[in-house]
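Chain identifiers are assigned alphabetically (A, B, ...) following the order of the sequence lines, protein sequences preceding nucleic acid strands; residue numbering begins at 1 within each chain.
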Protein chains: 2
Amino acid sequence: MGISDLIAGFIQEALEDSDGVLELQRSDLAQRFNCVPSQINYVMSTRFSPEQGYIVESRRGGGGYIRITRVRVDRETLLMHVINSLGDTLDLPSARAIARNLVDNGAISLEAGRTLLSAVGDAALRAAPRESRGAIRADVFKQVLIHLV
Amino acid sequence: MGISDLIAGFIQEALEDSDGVLELQRSDLAQRFNCVPSQINYVMSTRFSPEQGYIVESRRGGGGYIRITRVRVDRETLLMHVINSLGDTLDLPSARAIARNLVDNGAISLEAGRTLLSAVGDAALRAAPRESRGAIRADVFKQVLIHLV
DNA sequence: TTCATTTTGGTCAAAGAAAGTCAAAATTCA
DNA sequence: TGAATTTTGACTTTCTTTGACCAAAATGAA
């Protein structure tokens with residue numbers, strides 16, 4: 001077990017204690033674990049990605065920080081299920097149907113549903129080449145859902 | 001948390017109390033927070049800009065002052081303003097800044113803001129050719145906002 | 001009135017304080 | 001062994017703090 005796992009473990013415990021949100025300083029943490037600061041970035045991107053249910057925000061400069069938020073898991077399963085069922089390409093009618101469903105289920109808010117649909121509509125993707133529109137639509141759709149988890 | 005944040009916090013509280021307008025003296029404030037006067041200018045420009053919903057006026061000389069006014073614009077106007085200010089192409093950092101602002105202003109919900117950002121992120125647009133990404137990002141961003149108005 | 005002085009606030013650039021990126025080197029795993 | 005993962009560190013970017021110098025408004029003396 002490497003140092004990355006140690007750091008990840010430490011953060012997860014701290015997240016338990018602090019009930020889901022945690023703010024820390026990159027260099028502090030690096031010192032505590034005796035590693036270079038950039039290793040913290042590595043840990044963030046490999047173990048605390050949105051796909052894994054975390055949101056990581058940060059700020060540079062004096063008084064900078066890294067904030068990690070664990071998102072709740074209830075609708076996570078539902079959303080994950082939907083995400084995993086999506087293929088590499090997606091047409092607009094299907095997108096509409098899926099969004100409608102998620103809203104009806106209460107998995108996402110009406111506002112988020114609308115936002116989602118306007119992001120994958122024809123007007124939004126008009127600058128994209130025809131042949132890759134389906135793929136882009138699928139990517140956008142997935143990304144939005146992933147980040148909503 | 002740095003000194004700039006302290007100062008900003010102090011001002012915001014004072015604004016609450018005084019119901020939206022506040023007049024103060026640069027050197028007073030600087031003394032109170034034990035910093036150089038120009039730091040006040042820094043705080044003004046980074047935390048009380050018009051984009052963030054404030055008007056800052058000032059006057060030099062004897063009896064000089066800095067007046068901060070919090071302005072409340074209705075969300076429709078604000079959204080329209082933002083939409084119209086967008087160009088044909090948009091980079092990710094700018095998108096982030098704008099979204100953050102809209103959320104802070106209460107013009108869109110946090111959820112919608114997140115949704116918006118994940119829709120224009122790199123992962124969402126990876127299937128789009130590099131050279132048209134900026135354009136697609138701008139289109140998506142605009143469409144989402146338009147539908148949120 | 002006119003002009004010098006004083007009292008404010010403004011600008012800008014340099015220095016400092018975090019965090020981010022990227023790719024090479026090291027290590028681990030299949 | 002070869003590929004994937006992890007560890008490092010040089011370099012970059014962003015945000016903050018500080019200070020030297022500038023500009024404008026008020027005030028009072030000539």
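Other residues, nucleotides and ligands contribute over 12 non-hydrogen atoms within 6.0 Å of the CD atom of E23(A).
Every salt bridge (charged side-chain N to carboxylate O under 4.0 Å, His left out) that R126(A) has, sequence neighbours left out, goes to D139(B). Residues satisfying the side chain to side chain contact (heavy atoms under 4.5 Å, CB included) criterion with T69(A), sequence neighbours excluded, are V21(A), I55(A), E57(A), R67(A). With sequence neighbours excluded, the residues that form a salt bridge (charged side-chain N to carboxylate O under 4.0 Å, His left out) with R59(A) are D5(B). In this structure, the side chain to side chain contact (heavy atoms under 4.5 Å, CB included) partners of D28(A), at least two apart in sequence or on a different chain, are Q25(A). Scored by the side chain to side chain contact (heavy atoms under 4.5 Å, CB included) test, D74(B) finds E76(B), T77(B) as partners (sequence neighbours excluded). Not counting sequence neighbours, the partners of A30(A) by the side chain to side chain contact (heavy atoms under 4.5 Å, CB included) test are C35(A), P37(A), I40(A).
Side chains of D91(B) and S94(B): a donor on one and an acceptor on the other come within 3.5 Å.
Under the 4.5 angstrom side-chain criterion for Ile, Leu, Val, Met, Phe, Trp and Tyr, Y42(B) has no cluster partners at all.
Distance CD (E23(A)) to C1' (dA19(C)): 13 Å, rounded to an integer number of Å. Rounded to whole Å, atom P of dA19(C) lies 13 Å from atom CZ of R67(A). For the pair N41(A) CG and dT12(D) C1', the computed distance is 13 Å after rounding to whole Å. Computed from coordinates, the M44(B) CE to dT11(C) P distance equals 13 Å when rounded to whole Å. Between D122(B) atom CG and dC22(C) atom P there is a gap of 10 Å when expressed in whole angstrom units. In this structure, E57(B) atom CD and dA24(D) atom P are separated by 18 Å, rounded to whole Å. Residue L6(A) contributes atom CG, which lies 13 Å from atom C1' of dT7(D) at whole-angstrom precision. In this structure, Q31(A) atom CD and dA18(C) atom C1' are separated by 13 Å, rounded to whole Å.
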Each nucleotide N or O in nucleotides 25-27 of chain C that has a protein N or O under 3.5 Å away: list the pair and distance.
none

Compile the donor-acceptor pairs under 3.5 Å between side chains in residues 113-122 of chain A and protein atoms, sequence neighbours left out, one pair per line.
residue : atom : partner : partner atom : Å
T115(A) : OG1  : E111(A) : O            : 2.7
S118(A) : OG   : R114(A) : O            : 2.8
S118(A) : OG   : T115(A) : O            : 3.0

With a 3.5 Å cut-off and sequence neighbours excluded, list the donor-acceptor pairs that the side chains of residues 8-16 of chain B form with protein atoms.
residue : atom : partner : partner atom : Å
Q12(B)  : NE2  : Y54(B)  : OH           : 3.4
E16(B)  : OE2  : R70(B)  : NH1          : 3.3

Next on the checklist: Protein within reach of the bases, or only the backbone? For nucleotides 14-21 of chain D, mark each nucleotide 5' to 3' as B, S or -, using heavy atoms under 4.0 Å.
Outcome noted: BBBBBB--

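Axis orientation changes by 10° from one end of the helix from dT1(C)-dA30(D) to dA30(C)-dT1(D) to the other, with each end axis drawn from 5 pairs and the value rounded to 10°.
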